[in-house]
Amino acid sequence: MFRVLSLLLALVLGLGGYVYFDYTSSGRAEAEGLTFTEYLASYASGVTVGGGGSGRLPGKLVDMLPRAPEGWTVRPAEAGDIAAFLPQNRRSVPKDLLAHVEAVVKPASGRGVETAALTYERGDRKVIFQAVRYPDAIFTTVAEIQQRVELQARAAKFSATEFMTVRGLDVQEDLLPAEVKARLFLADVGAQIHLRVLAPERMKDQDLVPFFQTLQVEAMNVSVVDKQVGLGRVPVIVLASLLDAPSRAAYVADLADRKSALSAAREAQRLQDEASLAQTTPAASTGGGLLDSLFGRAETAEEEVADRPGEVVCTKGTGGSKRCSVVGGQD
């Protein structure tokens, strides 16, 4: 059950020098003189340590977004914030690319869909975090299979590359075309919460770590239907760009294995839900469905009549008159 937790811990302990640990910023670890091994043990046993521990988890989506790092301010995102990432002449940006970037500051549409977006500022730099949460019903009702599959299949629009794993949450970068001066990062929690992060093109990977350090991954995991065991409780951040070649190869292979396992589990669930839906949908032969009763049965009746050679069929007309005809006769 703790496959993700064990894999990440094994990866971290086996590959050194490329991980940002909460351990380095934990006041409790320093005060109590905890070794890193003791730190991991206390965390795994449920004791809250560092900024990413359990503690009291926020319930509101906006509160699950990161705190402002030191030197930055934060406020609700506005539509005009997107201008910092676009050229003055927006017509030079392809429509699909423009819509993809602008979506970060637009509320998602749909009944019961919740959107939270914050803009972090420091001088002329802006970083935008957006989280969109879709209703539980999509993930608990078999009739919503199509929308659930669509959410599970969402991926980078242009070119995806591995970027970071934050306490078990995999974040990828969607490499945007040169027409925009921005970097876009994507992640999802149980396919129910979708995270988008827009940052200036000139910001380095390490510059973004302070934002992701306070992202409430565990709270997001708790709030979705399809929870992932251990997600949010792994006290490590793996930054792909800091890995050497062998380590990155191992990291990419692990990502691929976990993605494959998740896809297989989701496909099995889809097949099970479709089978369940089929069982609850009456077939035409057993009297189900309004359209079947109006059309399917009528066609069956006509076929039965046609199979009876020379049968006389009579119907009552207006005023009680009776009209008869011979149908189904063979030449």
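- Between the Asp81 side chain and the Glu78 main chain, a donor and an acceptor come within less than 3.5 Å of each other.
- With rounding to the nearest 0.5 Å, the separation of CD in Gln130 from CG in Leu118 is 10.5 Å.
- Ala131 and Ile193 get closest at one heavy-atom pair: CB-CG2, 4.4 Å.
- Evaluation of the ring-ring contact (aromatic ring centres under 6.0 Å, His included) test over residues 201-245, restricted to residues two or more places apart or in two chains, returns Trp72-Phe211, Tyr120-Phe211, Phe129-Phe212.
- Under a 4.5 Å side-chain heavy-atom criterion applied to ILVMFWY residues, the cluster that includes Phe158 comprises Ile82, Phe85, Leu86, Val93, Leu97, Leu98, Val101, Val104, Val105, Ile128, Leu176, Val180, Leu184, Leu186, Leu198 as well.
- With respect to the salt-bridge test (charged N to carboxylate O, under 4.0 angstrom), the residues Asp170 and Arg258 qualify.
- Interatomic distance, CG of Asp273 versus CD1 of Ile145, reported as 5.0 Å (0.5 Å rounding).
- Side-chain contacts under 4.5 Å among hydrophobic residues (ILVMFWY), followed directly or transitively, place Phe139 together with Val113, Val132, Tyr134, Ile138, Leu151, Val225.
- Listed by chain and number, the residues in a side-chain hydrogen bond (donor to acceptor under 3.5 Å, both in side chains) with Asp136 are Arg133, Gln192 (sequence neighbours excluded).
- Glu144 contributes atom CD, which lies 10.5 Å from atom CG of Leu277 (distance to the nearest 0.5 angstrom).
- For Arg91, the side-chain contact (heavy atoms from CB on, under 4.5 Å) partners at least two apart in sequence or on another chain are Asn89.
- The shortest non-hydrogen separation linking Glu179 to Ser92 is CG-O, 3.7 Å.
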Working note: Leu215 + Leu169, criterion side-chain contact (heavy atoms from CB on, under 4.5 Å); need CA distance, chi angles, decisive distance, verdict.
CA-CA 10 Å; Leu215 180 67; Leu169 177 66; 4.2 Å; yes
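- Closest heavy-atom contact between Asp205 and Ser241: OD2-OG, 2.8 Å.
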Glu162/Gln172 under side-chain contact (heavy atoms from CB on, under 4.5 Å): CA gap, chis, key distance, verdict
CA-CA 5 Å; Glu162 59 280 353; Gln172 64 176 195; 5.9 Å; no
Stepwise side-chain contact (heavy atoms from CB on, under 4.5 Å) test for Thr165 and Ile237
CA-CA 6 Å; Thr165 297; Ile237 298 177; over 6 Å; no
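- To the nearest 0.5 Å, atoms CD (Glu173) and OG1 (Thr161) are separated by 7.0 Å.
- Arg183 is not listed as a side-chain neighbour of Leu175, based on a closest heavy-atom distance of 4.5 Å or more.
- Sequence neighbours left out, the pairs with a member in residues 93-108 that pass side chain to side chain donor-acceptor pair (under 3.5 Å) are Arg90-Glu102, His100-Asp174.
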Asp188 vs Leu195, test: side-chain contact (heavy atoms from CB on, under 4.5 Å). Steps then yes/no.
CA-CA 6 Å; Asp188 76 85; Leu195 186 71; over 6 Å; no
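- Applying the side-chain contact (heavy atoms from CB on, under 4.5 Å) test to Asp63 and every residue at least two apart in sequence or in another chain returns Pro58, Lys60.
- Considering OG1 of Thr141 and CZ of Arg148, their distance stands at 8.5 Å, rounded to 0.5 Å.
- Under the 4.5 Å side-chain heavy-atom criterion for grouping Ile, Leu, Val, Met, Phe, Trp and Tyr, Leu262 is not connected to Leu255 through any hydrophobic cluster.
- Listed for the Ser247 side chain is no donor-acceptor partner under 3.5 Å among the backbone atoms of Leu243.
- Remark: Ser223 pairs with no residue by the side-chain hydrogen bond (donor to acceptor under 3.5 Å, both in side chains) rule, at least two apart or across chains.
- By the 4.0 Å N-to-carboxylate-O rule, Asp244 lies too far from Arg248 to be salt-bridged with it.
- Taking the charged nitrogens against the carboxylate oxygens, Glu218 and Arg167 have no contact shorter than 4.0 Å, which rules out a salt bridge.
- The side-chain hydrogen bond (donor to acceptor under 3.5 Å, both in side chains) search around Arg270 returns Glu267, Glu274, not counting sequence neighbours.
- For Gln147, there are no side-chain hydrogen bond (donor to acceptor under 3.5 Å, both in side chains) partners two or more places apart in sequence or in a different chain.
- Considering only residues two or more places apart in sequence or on other chains, Ala199 meets the side-chain contact (heavy atoms from CB on, under 4.5 Å) condition with Val127, Phe185, Met203, Leu208.
- Taking the side-chain contact (heavy atoms from CB on, under 4.5 Å) definition, one finds that Lys204 meets it with Gln206, Asp207, sequence neighbours left out.
- If you take NZ on Lys126 and OG1 on Thr119, they are separated by 7.5 Å, rounding to the nearest 0.5 Å.
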